[in-house]
Protein chains: 2
Amino acid sequence: MSFLEKYLVKHNPSFESLQEFISNYQNTHMLIIFVSCKVFYTGRAKSTLSWGDHLIIRKKDGTLLIHGSNKREPINWQPPGSSLKSKCRRNLILISRRRHPKEEIKIVISKIYFAVAVDCREGKFQILGTENQMVQQVIAKPYLLEEGFTPLKREFQTPYGNIDLLGKDKKGTFVIVEFKRGKAQLSAVSQLKRYVEYLQKKHPVRGILVAPGITKSAEELIKKWGLEFKKWLSKAS
Amino acid sequence: MSFLEKYLVKHNPSFESLQEFISNYQNTHMLIIFVSCKVFYTGRAKSTLSWGDHLIIRKKDGTLLIHGSNKREPINWQPPGSSLKSKCRRNLILISRRRHPKEEIKIVISKIYFAVAVDCREGKFQILGTENQMVQQVIAKPYLLEEGFTPLKREFQTPYGNIDLLGKDKKGTFVIVEFKRGKAQLSAVSQLKRYVEYLQKKHPVRGILVAPGITKSAEELIKKWGLEFKKWLSKAS
DNA sequence: CGTGCCAGGTGCCAT
DNA sequence: ATGGCACTTGGCACG
């Protein structure tokens with residue numbers, strides 16, 4: 001591939017030709033390969049994917065994706081940092097390994113429809129509306145939480161976990177604030193309770209869960225445990 | 001594309017040609033398109049991806065994936081069930097929408113390197129080694145948990161959440177068992193504690209966390225709360 | 001490295 | 001639809 005070309009396509013390559021293609025480009029290009037194959041994964045779990053048509057994507061950071069005809073998630077994958085080797089037998093076999101944890105994917109390919117090597121330089125990504133930004137807003141404008149609130153420490157560490165935001169209310173009582181960007185569930189209440197249980201051994205303390213909504217049972221639980229829920233309006237008026 | 005062909009490639013298609021290609025194949029084929037583009041997402045959060053080369057995959061179930069040059073995760077995406085429309089302006093614009101929640105992705109394309117439509121029939125997938133299988137093993141061989149254990153109910157529902165496995169020990173005391181397939185963390189202890197707190201209002205009850213390992217602080221917490229940890233040997237001897 | 005935890009989490013299954 | 005939760009979760013930040 002000349003340095004001017006963005007991509008190179010191989011149609012119905014032979015096994016040997018794909019092997020060479022892979023070894024030539026796997027460190028510099030993203031590979032997109034459409035094949036008939038079966039897949040064996042073993043590692044943290046163990047899985048098999050029977051014969052079918054699958055899209056294989058291999059990124060130069062070592063990521064391996066095996067996609068099927070639906071769903072957002074790949075059927076099988078290997079995360080960044082994984083190796084890739086090929087063997088030519090009766091079928092073409094691709095093996096991707098990672099070390100920690102030890103995991104292996106074996107792709108047995110019977111037919112290669114096409115393979116593309118692509119020179120991909122991605123853009124810059126920015127995102128807004130995360131939990132972190134909720135916390136930042138409350139730190140900047142503490143009255144958004146409640147009148148008289150004073151933030152003390154972001155990510156306050158305890159042996160029971162890390163408190164999103166520790167502060168004091170207008171009476172000087174410690175306040176533990178847990179933020180959720182989506183509807184708060186039982187687990188969020190548990191989390192807040194953990195922090196409160198720890199801190200209240202030393203000080204009187206309030207616990208406030210801040211989220212745009214809360215499930216029914218989480219709301220019942222939070223009342224039962226004497227904690228508070230504060231609905232968060234994303235408007236941030 | 002004839003019904004015999006597995007795939008069809010367009011090299012450097014014009015905007016209009018890609019529009020036609022998409023509308024012809026988006027309901028029956030997986031589309032794989034490599035372009036120079038920028039992306040705007042708005043919905044649960046809001047993000048921008050600046051100009052760069054990105055791989056666009058559109059599955060016939062409506063899934064949209066926008067991949068960059070590294071990482072397992074797509075930079076932007078739309079889940080199954082999303083729509084896709086195109087507009088031709090100065091650039092080619094693809095818009096994918098979903099209803100619940102209301103979310104939109106706008107892809108502004110300045111250059112199309114290639115587009116492929118693919119007829120993808122995926123294989124059957126099977127997986128072993130999940131949490132569910134740990135539970136099934138204990139149900140089949142209760143002594144693996146402890147001598148004299150009797151399983152009573154899988155997924156026992158409480159207003160505090162669902163208990164993986166409820167049973168009784170040899171003395172007839174209720175036992176709540178929570179399984180984790182990986183190293184158990186603070187959240188697992190919290191979860192177990194929730195169930196125990198609920199049931200112990202009515203009966204004396206033990207809580208056992210079953211996992212191949214446990215983090216230091218989770219172990220301390222589980223002791224402090226009077227719960228038990230049982231190390232799970234995947235050997236299932 | 002391990003630990004904790006958010007994520008536009010996704011996906012599955014239950015009511 | 002809402003909810004509870006596992007997931008080969010992935011990814012990040014911090015000790």
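So you know, we letter chains A, B, ... as the sequences are listed, proteins then strands, and number each from 1.
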Item to complete: Return the 5'-most residue of the pair F125(B), L186(A) with respect to DNA chain D, ranking by each residue's nearest nucleotide.
Response: L186(A)
Discussion item. Any salt bridge linking K153(A) with E155(A)? Criterion: basic side-chain nitrogen under 4.0 Å from a carboxylate oxygen.
Written reply: no
Discussion item. Between P on dA1(D) and NZ on K183(A), what's the gap in Å once rounded to a whole number?
Written reply: 13 Å
Worksheet item: Does Q185(B) make a side-chain N or O approach to OP1 or OP2 of dG4(C) shorter than 4.0 Å?
Response: yes
Practice prompt. Answer yes when E73(A) and R72(B) have at least one side-chain N-carboxylate O distance shorter than 4.0 Å, and no when they do not.
Written response: yes
Item to complete: Considering just the side-chain nitrogens and oxygens of K180(A), establish if one lies under 4.0 Å of OP1 or OP2 belonging to dC6(C).
Response: yes
Worksheet item: Would you say the side chain of N76(A) and the base of dT8(D) hold a donor-acceptor pair, judged only by whether the two atoms sit under 3.5 Å apart?
Response: yes
Worksheet item: Does any N or O donor sit under 3.5 Å from an N or O acceptor when you compare the side chain of E104(B) with the base of dG8(C)?
Response: no
Worksheet item: In terms of side-chain geometry, is the basic nitrogen of K230(A) or E146(A) positioned less than 4.0 Å from the acidic oxygen of its partner?
Response: no
Worksheet item: With nearest nucleotides of DNA chain D determined for H100(B) and Y160(B) from heavy-atom distances, which residue corresponds to the more 5′ nucleotide?
Response: H100(B)
Worksheet item: Between K102(A) and E104(A), does at least one N-O distance fall below 4.0 Å, as a salt bridge requires?
Response: no
Might you list the N or O atoms of the protein lying below 3.5 Å from N or O atoms in nucleotides 11-13 of chain C, with each pair's distance?
from    : atom 1 : to     : atom 2 : distance (Å)
dG11(C) : OP1    : R72(A) : N      : 2.8
dG11(C) : OP1    : E73(A) : N      : 3.4
dC12(C) : OP2    : K71(A) : NZ     : 3.3

Worksheet entry | Carboxylate-amine/guanidinium proximity below 4.0 Å for R98(B) and E103(B) | yes
Worksheet item: Should E197(B) and K193(B) count as an ion pair when the cut-off is N to O under 4.0 Å?
Response: yes
